[in-house]
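The structure appears right after this line, and notes come after that.
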Amino acid sequence: MQLSEQEILRRENLQKLREMGIEPYPAEAFEVTAYAKEIHEEFNDDAGEPLNFQHVSLAGRLMGSRVMGKASFAELQDSTGRIQIYIARDEICPGEDKELYNTVFKKLLDIGDFIGVKGFAFRTRMGEITIHVKELAVLSKALHPLPIVKRDEEGNVYDAFTDPEQRYRQRYVDLTVNPHVREIFLKRSKLISAMRRFFDGRGWLEVETPVLQPIHGGAAARPFKTFHNTLDIPLYLRIANELYLKRLIVGGFEGVYEIGKMFRNEGMDRTHNPEFTSMEIYVAYKDYQWMMGMVEQLAEYVALEVTGHTKVEYEGQVIDFAGPYRRLTMYDAIKEYTGIDISGMDEAALRGACKQLGVEVDSSMGKGKLIDEIFGEKVEENLVQPTYIIDYPVEMTPLAKKHRSKPGLVERFELFVNGKEIANAYSELNDPIDQRQRLEDQLRLAERGDFEAMAMDEDFLRALEYGMPPTSGLGIGIDRLAMLLTNQHSIQEVLFFPQMRPEKAKQQEKQEEIG
RNA sequence: GAGCCCGUAGCUCAGCCGGCUAGAGCACUUGACUUUUAAUCAAGGGGUCCUGGGUUCGAGUCCCAGCGGGCUCACCA
């Protein structure tokens with residue numbers, strides 16, 4: 001792998017800086033006293049008022065320059081945005097020696113280099129707030145040329161860096177040149193911090209539970225398997241943390257939540273990445289009815305904190321997170337969208353209904369799975385505004401408590417937004433005998449060929465036998481919620497480093513080349 | 001896993017029915033320019049056309065295989 005012309009030039013520039021006695025990667029800290037954004041927002045040059053930002057020190061990447069002989073304008077991009085800087089030869093080089101301007105600034109600095117500037121804020125003739133530079137320092141040389149993205153006055157973007165493969169593989173470049181990408185991740189971060197604030201404010205405890213689990217419980221999915229040498233046992237990356245969080249409720253905490261990565265060894269697409277972030281919370285002495293109210297408050301709070309509004313635009317639709325949300329039983333939802341009343345149907349009748357509706361099924365599917373198929377096929381996509389689907393058939397939900405008044409159902413809800421499930425909650429099953437029974441039913445499903453049926457976890461059952469208070473639990477897919485709140489329709493756009501096939505030998509060859 | 005589309009300069013892209021030395025804009029280099037802002041003006045350099053085969057007098061272009069990516073579908077609590 002050859003270095004490109006531009007890469008060679010930058011390496012030469014690096015060498016020349018060293019020859020001039022300028023260290024391109026200085027060790028000492030550079031004191032930053034101001035940021036682009038605050039200067040744009042707060043600079044005050046109204047007549048009669050004292051000027052502010054008259055002694056500032058900024059650091060960031062050089063993102064463009066317009067050299068006009070003995071004076072230049074350039075763009076400095078720091079963590080808050082861009083600001084124009086003005087550099088005049090005779091000001092940064094007051095003596096005879098004009099090298100700092102003529103050679104260092106004009107020739108040896110490249111776009112992408114980190115620099116530090118000291119000077120004062122002013123407004124140019126054209127009205128742009130600008131830093132008049134008195135001192136210039138090289139903070140870190142960039143050897144790889146950045147894509148140059150230009151924007152005109154109307155905000156039109158030219159030569160955007162858009163190739164998804166490169167954007168995901170080199171997210172650092174994407175974040176550097178695409179401010180809208182940066183915005184998405186700032187919002188994602190706000191989403192998580194808002195959620196923490198909401199829970200912490202109610203006195204619930206943030207906890208951490210094992211990622212490496214000897215038994216992968218709490219959900220139905222294929223796990224990643226690994227091996228612990230010292231213990232000489234297989235371990236699984238968690239597909240869920242539900243059973244551990246419930247153990248903590250058994251242990252006496254009233255409310256516990258965990259925000260963390262789950263791992264599922266399944267397909268990848270626009271809404272699935274092998275590792276993803278979930279939030280699960282369990283609160284004692286509550287039921288799923290209470291939880292629906294809590295989720296409405298949470299979703300409204302989070303939407304407001306992240307976007308400033310409860311109404312969020314997503315793929316051209318306006319979604320309103322202000323509660324209360326419509327509540328619809330699973331059977332009623334199916335009746336509403338298919339015209340068929342499946343309540344009271346046995347497995348054979350359900351198979352008939354699937355056939356009638358053109359829903360594909362196979363012989364390994366039990367009653368719960370059949371209903372789920374109909375729902376997924378015929379109902380989900382219609383649930384655009386936040387909607388609770390409640391009261392699921394017991395067969396689909398081995399960890400939820402039996403419905404207080406409706407036989408054959410459990411106390412469960414899922415929250416659908418824009419046709420996608422974003423939250424799932426139960427009145428948690430805390431009857432240890434019933435729980436054992438349900439897990440045994442899962443084993444039978446597994447024997448029928450459902451390789452995703454849940455595994456038996458004797459220690460979890462033992463914990464329930466010690467007694468778990470009535471509890472409601474909730475899980476939220478953070479990535480999908482982030483997609484909704486940032487108007488993105490691919491999970492890769494809300495993950496810094498989405499899973500990709502490894503890049504080929506290119507990088508290796510290059511390493512060898514450079515030594 | 002299946003179908004469709006894509007892979008050409010650092011970036012964004014042209015490149016026709018296979019035909020001279022593979023092009024453009026930005027970026028880069030050299031020069032001019034002390035309030036520019038997609039700075040401007042002049043000149044110039046830069047390519048493993050994803051990889052490997054094949055067809056052909058001749059392949060960026062056609063065929064086959066592979067690698068990587070995107071979209072759609074399937075799978076997926």
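Convention: sequence-line order gives letters A, B, ...; per-chain numbering from 1. For clarity, every value in this text was computed on a predicted model and none was experimentally measured.
Considering all non-hydrogen atoms of both residues, A/M483 and A/H489 come closest at CE-C, 3.7 Å. In plain terms, the two heavy atoms of A/P393 and A/I371 that are nearest each other are CG-CD1, 3.5 Å. Of all the heavy atoms in A/I83 and A/A36, the pair that sits closest is CB-CB, 3.8 Å.
One finds a side-chain N or O of A/R169 lying less than 4.0 angstrom from the OP1 or OP2 phosphate oxygen of B/G69. Within the structure, a side-chain polar atom (N or O) of A/R66 is placed less than 4.0 Å from OP1 or OP2 of B/A39. Between A/R151 and B/A38, a side-chain N or O to OP1/OP2 separation shorter than 4.0 Å is absent.
Residue A/T103 is tested with A/K106, A/K107, A/E99 for a side chain to side chain donor-acceptor pair (under 3.5 Å); the sole match is A/E99.
Applying the 5.5 angstrom centroid cut-off and the 30 degree plane-angle cut-off, the aromatic ring of A/Y158 is stacked upon the base of B/A38.
Base pairing annotation: B/G3 forms a Watson-Crick or G-U wobble pair with B/C71, both donor-acceptor distances under 3.5 Å. When Watson-Crick and G-U wobble pairs are counted only if both distances are under 3.5 Å, B/U36 pairs with no nucleotide at all. Under the Watson-Crick or G-U wobble criterion, with both distances below 3.5 Å, B/A59 has no partner in any strand shown. When both pairing distances are held under 3.5 Å, B/A24 makes a Watson-Crick or G-U pair with B/U12.
The residue A/P398 sits close to a base: some heavy atom pair falls under 4.0 Å. When heavy atoms are screened at a 4.0 angstrom cut-off, A/R501 is found touching the sugar-phosphate backbone but no base atom. Here A/Q166 lies in heavy-atom contact (under 4.0 Å) with sugar-phosphate atoms only. A/Y426 comes within contact range of at least one nucleobase, with a heavy-atom separation under 4.0 Å.
Protein atom CD of A/E266 is 8 Å distant from nucleotide atom C1' of B/C75, rounded to whole Å. With rounding to whole Å, A/E493 atom CD is found 12 Å from B/G70 atom C1'. In this structure, A/L3 atom CG and B/G45 atom C1' are separated by 17 Å, rounded to whole Å. When the P atom of B/C75 is taken as reference, atom CG of A/N273 falls 20 Å away, rounded to whole Å. Rounded to an integer number of Å, the gap from CZ of A/F122 to P of B/U35 is 11 Å. As rounded to whole Å, 20 Å separates atom P of B/A77 from atom NZ of A/K367. Atom P of nucleotide B/C76 and atom CZ of A/F276 are separated by 15 Å, given to the nearest angstrom. Rounded to whole Å, atom C1' of B/A39 lies 13 Å from atom CG of A/D152.
Aromatic ring pairs are classed by plane angle as parallel below 30°, tilted from 30° to 60° and perpendicular above 60°; the pair A/F413 and A/Y388 is perpendicular. A/F73 and A/Y86 have tilted rings, their planes meeting at an angle from 30° to 60° on a 0 to 90° scale.
Here, B/U51 and B/G60 have their P atoms 11 Å apart, quoted to the whole Å. When the C1' atom is used for both B/A38 and B/U21, the distance is 33 Å, rounded to whole Å. Taking atom C1' in both B/U61 and B/G7, one finds a spacing of 14 Å when rounded to whole Å. Taking atom P on both nucleotides, B/G15 is separated from B/U8 by 14 Å, rounded to a whole Å. Rounded to a whole angstrom, the distance from the C1' atom of B/C76 to that of B/G1 is 13 Å. Across the C1' atoms, B/A22 and B/U48 are found 14 Å apart, a figure rounded to whole Å. For the C1' atom pair drawn from B/U40 and B/U35, the interatomic distance equals 14 Å after rounding to whole Å. Across the P atoms, B/A59 and B/G18 are found 13 Å apart, a figure rounded to whole Å.
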For this session: Would you sort out whether A/R89 and A/N102 count as a side-chain hydrogen bond (donor to acceptor under 3.5 Å, both in side chains), showing the intermediate values?
Result: CA-CA 8 Å; A/R89 187 191 70 184; A/N102 285 340; 4.9 Å; no
For this session: Please lay out, stage by stage, how A/Q492 and A/N273 fare under the test side-chain contact (heavy atoms from CB on, under 4.5 Å).
Result: CA-CA 8 Å; A/Q492 298 168 109; A/N273 194 65; 5.6 Å; no
Exercise. Given A/D434 and A/K401, is the salt bridge (charged side-chain N to carboxylate O under 4.0 Å, His left out) satisfied, shown in steps?
Worked result: CA-CA 9 Å; A/D434 189 2; A/K401 192 178 267 190; over 6 Å; no
Exercise. Could you walk me through whether A/D457 and A/R247 pass the salt bridge (charged side-chain N to carboxylate O under 4.0 Å, His left out) check?
Worked result: CA-CA 12 Å; A/D457 185 335; A/R247 284 171 170 97; 3.2 Å; yes
For this session: Decide side-chain contact (heavy atoms from CB on, under 4.5 Å) for A/E395 and A/K369; before the verdict, give the C-alpha distance in whole Å, the side-chain angles of both, and the deciding distance to 0.1 Å.
Result: CA-CA 8 Å; A/E395 295 84 353; A/K369 195 98 176 165; over 6 Å; no
Seminar exercise, completed: Whether each nucleotide of nucleotides 26-34 of chain B has a protein heavy atom under 4.0 Å at its base (B), only at its sugar-phosphate (S) or at neither (-) is summarised, 5' to 3', as SBSSSS-BB
Just the atom pairs and distances: protein N or O near nucleotides 4-9 of chain B's N or O, under 3.5 Å.
none

Give me the distances for all protein-to-nucleotides 71-74 of chain B N/O pairs that come in under 3.5 Å?
{"from": "B/U72", "atom 1": "OP1", "to": "A/R270", "atom 2": "NH1", "distance (Å)": "3.1"}
{"from": "B/U72", "atom 1": "OP2", "to": "A/R270", "atom 2": "NH1", "distance (Å)": "2.8"}

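Counting only N and O atoms by type, the side chains of A/Y168 and A/E493 include a donor and acceptor under 3.5 Å apart. In this model, no donor atom of one side chain and acceptor atom of the other lie less than 3.5 Å apart for A/Y331 and A/D391.
For A/T162 and B/U12, a side-chain-to-base donor-acceptor distance below 3.5 Å is absent, hydrogens and geometry of angles not being considered.
With hydrogens and angles ignored, the 3.5 Å screen pairs no side-chain donor or acceptor of A/D78 with any backbone N or O of A/Y35. Between the A/E258 side chain and the A/T209 main chain, a donor and an acceptor come within less than 3.5 Å of each other.
In this structure, the nucleotide among B/C13, B/U36, B/G69 sitting nearest to the side chain of A/M500 is B/G69.
Map A/E128 and A/Q499 each onto its nearest nucleotide of RNA chain B; the residue landing nearer the 5' end is A/E128.
Against the 90° criterion about 0, the sugar-base torsion of B/C17 places it in the syn range.
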